[in-house]
Amino acid sequence: MKTRLEEPQDIRQQIWKELGRASQDRHHEWRTPVLATVGSDGAANARTVVLREVDLKAQTLHIFTDARSAKVQELKHQAHAVLVFWSKRLSWQLRVRACITIQTHGPEVEALWDRVKQSAAAGDYLSPVAPGSLSASTKVKTGDANQHHFTLLTAKVVDMDWLELGREGHRRAKIGADTWDWLAP
Ligand SMILES: Cc1cc2nc3c(=O)[nH]c(=O)nc-3n(C[C@H](O)[C@H](O)[C@H](O)COP(=O)(O)O)c2cc1C
């Protein structure tokens, strides 16, 4: 049986450890959170993404996407977004409020693209057809590797809402950079 962590600093440390693991392990349940954004019309939108990198020191989470996607347009309008993670193994839900910056160019993006362009995912960022545009066929042509739409999203954590489901009772906390508040679940 898992040991139940009691101290806020231990729970906080374990949350970041699990996020780090999820960015490395494709089988970790936190690998694929849901990213929720708000459009310019005020409507909510949400979709699954892959957690690619985690930087504990900077308190940031990294996601890759296409510059032409709806989420990028929505984030340009409203940088505040929410990432929702659920793990059955941990019985933990984590809702991360974050402020997201969008990078489409620059040395960091090009270094990541150099890696991604050699992978099977490269075609996702080379298609001449923007994601979400009406499509006549499921066959997608790939373009020139220098004309990519690869984009790095950096989510700077604002705060977290952690919920643990447990037999002996549920626990919930609001976790800020230097704060911890236990909440009624
Ligand atoms: C398991 C899974 C992982 C996904 N990972 C990503 C991702 O890392 N980045 C991304 O842009 N889209 C990813 N997608 C696709 C998105 O969920 C979404 O369909 C697409 O990005 C278009 O979203 P948008 O129109 O809201 O921008 C993933 C979908 C699934 C099912």
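Counting starts at 1 for both ligands and their atoms, following the listed order. The chain is numbered in sequence order, starting from 1. Note that the structure is predicted; figures quoted are calculated from it, not measured. Keep in mind that the numbers below use all heavy atoms, side chains included, and drop hydrogens, waters and symmetry copies.
Protein heavy atom at the shortest distance from atom 6 (C) of ligand 1 is Val49 CA, 3.5 Å. Distance from atom 9 (N) of ligand 1 to its nearest protein heavy atom, with residue and atom name: Phe64 O, 2.8 Å. Protein heavy atom nearest atom 8 (O) of ligand 1, with residue, atom name and distance: Val50 N, 2.9 Å. Residue, atom and distance of the protein heavy atom nearest to atom 11 (O) of ligand 1 are Thr65 OG1, 2.6 Å. Protein heavy atom nearest atom 25 (O) of ligand 1, with residue, atom name and distance: Ala70 CB, 3.5 Å.
The closest side-chain donor-acceptor pair between Gln14 and Glu18 falls under 3.5 angstrom. Side-chain atoms of Thr151 and Arg68 include no donor-acceptor pair closer than 3.5 Å.
With sequence neighbours excluded, no residue forms a ring pair (Phe, Tyr, Trp, His ring centres under 6.0 Å) with Trp86.
Selection from Thr48, Asp124, Val72 by nearest heavy atom to atom 2 (C) of ligand 1 gives Thr48. Among Arg47, Arg52, Lys71, the residue whose heavy atom sits closest to atom 21 (O) of ligand 1 is Lys71.
Summarising the geometry, atom CZ belonging to Phe85 is positioned 7.5 Å from atom CE belonging to Met160; distances are rounded to the nearest 0.5 Å.
Residue Ser69 has at least one heavy-atom neighbour below 4.0 Å for each of these atoms of ligand 1: 27 (O).
Between the Lys156 side chain and the Ala58 main chain, a donor and an acceptor come within less than 3.5 Å of each other.
In this pair, Phe64 and Phe150 present their aromatic rings perpendicular. The plane angle is above 60°, beyond the 30 to 60° band.
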